[in-house]
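Chain A is the first sequence line, chain B the second, and so forth, proteins listed ahead of strands; every chain is numbered from 1. Predicted, not measured: the structure shown is a model, and the values here were computed from it.
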There are 2 protein chains.
Amino acid sequence: MNITIYDVAREAGVSMATVSRVVNGNPNVKPTTRKRVHEAIERLGYRPNAVARGLASKRTTTVGVIIPDISSIFFSELARGIEDIATMYKYNIILCNSDQNKEKEIHLINTLLEKQVDGIVFMGGEITKEHEETFKSSPVPIVLSATIDANKEFPSVNIDYEQASYDAVTAMINAGHEKIAMLSGTLADPINGYQKFAGYKRALLDAGKEVNDDYVTLGDYTHDAGVNAMKELIALEDRPTAVFASTDEMALGLIHGAQDAGYRVPEDFDIIGFDNTRLATMVRPTLTSVVQPMYDIGAVSMRLLTKFMDNETVDEQVVLLPHRVEYRQSTSFQGE
Amino acid sequence: MNITIYDVAREAGVSMATVSRVVNGNPNVKPTTRKRVHEAIERLGYRPNAVARGLASKRTTTVGVIIPDISSIFFSELARGIEDIATMYKYNIILCNSDQNKEKEIHLINTLLEKQVDGIVFMGGEITKEHEETFKSSPVPIVLSATIDANKEFPSVNIDYEQASYDAVTAMINAGHEKIAMLSGTLADPINGYQKFAGYKRALLDAGKEVNDDYVTLGDYTHDAGVNAMKELIALEDRPTAVFASTDEMALGLIHGAQDAGYRVPEDFDIIGFDNTRLATMVRPTLTSVVQPMYDIGAVSMRLLTKFMDNETVDEQVVLLPHRVEYRQSTSFQGE
DNA sequence: GTGAAAGCGCTAACAG
DNA sequence: CTGTTAGCGCTTTCAC
């Protein structure tokens, strides 16, 4: 049997209410009794039971985090941002991998709700109608992180992916490139596919160019996908001179695919990646990349969630963080 | 107010005990009543409260995971292994970053214990006396993952780091290298420092060579540490011809440091890394690395923990998983 | 096969 | 400033 608040009360010669007050830092306790209670706690080695507390207070100081894959270099950085801010606000995190599987995602939300989390940070891919219904039926706040629903009904934290892609591709155009390819994720992915591709397209159209289907390849975000995409691009009679990838890992693949075939970056191909993960400086040539502040997105998401949980007023629940292009050696040009 | 088990009982015309039995899959319920209860649950949209359940049953089906840094490519892979097996056994995970800070680690264990986790997976660096005391005072089982205490008193899952280093360095020796350097973590780190260095040393001594202090450099596991270490090594009058790094990221740094100075790998330097993270194939030349099955270490750790939590008998509580060297392009030799 | 009732350990009014 | 008293929602004997 464990030591309970009742044991401490008896040991200190006070009521359990007083012990509870002391433990919770309630100021309405005479310093002498506070001291007596603290001593009793010390003597008995009392450790408050958070589960009982959660049941009585209806707050668990625990939040749920649904993440596609914690082993991804991208998401793990986000998770770190979330966790740091959670710790700062005294919350713990229940972490769940979803593999972006819809059924799993919805199931996980329900599990987290059963565990009475005080809020949820959701990272995922496509937000379907079913997701939206689940979100709406949640008794606790949910914040989307590096994820956004089509109608922007739910709180979310992102950068403007479309604009960021537009900026990167426009920089390529300004540097004189006529034949710009893109290695994108599937268009069903609202961010890494749809939005980033949309920015690529708009940049080309704004510059009076048209989208050449041969120059648009799809990948699954792995290094190998980049290597293979570059092979295909090189095989084209009319090769592109610049390639924009929707993730850094694929961009590294592009660089290595080019090098493996005897080409050089940036002399033969200018390459720009996306996310500015730590990988960008761990390759030669170092990778020019669109900076997405992953840690910050996680941190801001969590901060936003705390506001909802504490019923603070939030002025803007759809937040867009700034982005920019970090120029390194994989592009022969270094700015607009 | 939420729907409780009591509401369901009333709706179904049974007692709460019966509802509880149905929810928990207890077979002692007549199929017809079971059906009636299920319908009531459906109709009311009842969602069991895991906190109340935890308080009453003294099991939370939640385990704590203490990890140095979830954004590390190495630990995030481990975490994924842990989470997958946890999910398989219906546990959820509370994830906490410790930054390998002793006070934080001990504080986190206590927090997790307050939250009444059913067990803990601990990843960290040095296991001090204070750690050991905390572990011993825990009412729930604790498994060390990719971490080990000096006396092997506690359950743990690892590979034999010393032997693995020995194997890698011996392969270099067998390939004819006379001057082999090592980029190690601080020796206070029992694994990435102490054990790996010990293997390096033993390999040299066994081959009748002595350890040249100039050839032993320390790094903080970052890519930059590798780049800098290589600079120093190159500056030596009597340059080494092979370098063994205790982590892949540092090994990439070594490669790039050499390339940045106009040298070539493996022509000028044979390089071997450690961990065989995904980075190993994301560099040119691709990196020869000691394979440490990170995902498996996580998975096995969690599986071991479930055994303790379920009071299964475990035959060997200090498990060592197999290791090997994966040869790639950063070494001019391809095996023993 | 089912129900009644006693907690699990704590918080939160409400008194005083 | 401190104590009393209900619960929080569920599991778990123990009867029947």
Protein-nucleotides 10-13 of chain C N/O pairs closer than 3.5 Å?
| from | atom 1 | to | atom 2 | distance (Å) |
| --- | --- | --- | --- | --- |
| C:dC10 | OP1 | A:Tyr46 | OH | 2.4 |
| C:dC10 | OP1 | A:Asn49 | N | 3.1 |
| C:dC10 | OP2 | A:Ile5 | N | 2.4 |
| C:dT11 | OP1 | A:Asn24 | OD1 | 3.4 |
| C:dT11 | OP1 | A:Asn24 | ND2 | 3.1 |
| C:dT11 | OP1 | A:Arg53 | NE | 2.9 |
| C:dT11 | OP2 | A:Ser20 | OG | 2.7 |

By side chain to side chain contact (heavy atoms under 4.5 Å, CB included) - contacts of A:Thr60 (at least two apart):
A:Thr62, A:Gln116, A:Asp118, B:Val51
Let me have the donor-acceptor pairs involving side chains of residues 309-318 of chain A, under 3.5 Å, with sequence neighbours excluded, atom names and distances please.
| from | atom 1 | to | atom 2 | distance (Å) |
| --- | --- | --- | --- | --- |
| A:Glu316 | OE2 | A:Val318 | N | 3.2 |

In whole angstrom, give the distance that lies between atom CG of B:Asn28 and atom P of D:dC14.
16 Å
Just checking, any donor-acceptor pair under 3.5 angstrom between side chains of B:Thr134 and B:His131?
no
Which sits closer to the 5' end of DNA chain C, B:Pro31 or B:Leu55, going by the nucleotide each is nearest to?
B:Pro31
Give one of base, sugar-phosphate or nothing for A:Val51, where a contact means two heavy atoms less than 4.0 Å apart.
nothing
Does A:Ser15 have any side chain to side chain contact (heavy atoms under 4.5 Å, CB included) partners at least two apart in sequence or in another chain, and if so, which?
A:Ala17, A:Thr18
Please collect all side chain to side chain donor-acceptor pair (under 3.5 Å) contacts where either partner lies in residues 27-38 of chain A, sequence neighbours excluded, each pair once.
A:Lys35-A:Glu39
With sequence neighbours excluded, tell me which residues meet side chain to side chain contact (heavy atoms under 4.5 Å, CB included) with A:Pro27.
none
Between side-chain atoms of residues 152-159 of chain A and protein atoms elsewhere (two or more places apart, or another chain), which donor-acceptor pairs fall under 3.5 Å?
| from | atom 1 | to | atom 2 | distance (Å) |
| --- | --- | --- | --- | --- |
| A:Asn158 | OD1 | A:Thr147 | N | 2.9 |
| A:Asn158 | OD1 | A:Tyr161 | OH | 3.4 |
| A:Asn158 | ND2 | A:Thr147 | O | 3.1 |

Just the rounded figure in Å: distance from P of D:dC1 to CZ of A:Arg34.
9 Å
Specify the angle, to 10°, made by the local axes at the two ends of the helix from C:dG1-D:dC16 to C:dG16-D:dC1 when five pairs are taken at each end.
30°
Length of the line joining A:Asn26:CG and D:dC1:P, which is rounded to integer Å
10 Å
What is the distance, rounded to the nearest whole Å, between atom NZ of A:Lys115 and atom C1' of D:dC10?
15 Å
Please enumerate all residues that pass side chain to side chain contact (heavy atoms under 4.5 Å, CB included) together with B:Leu108, with sequence neighbours excluded.
B:Ile66, B:Cys96, B:Ser98
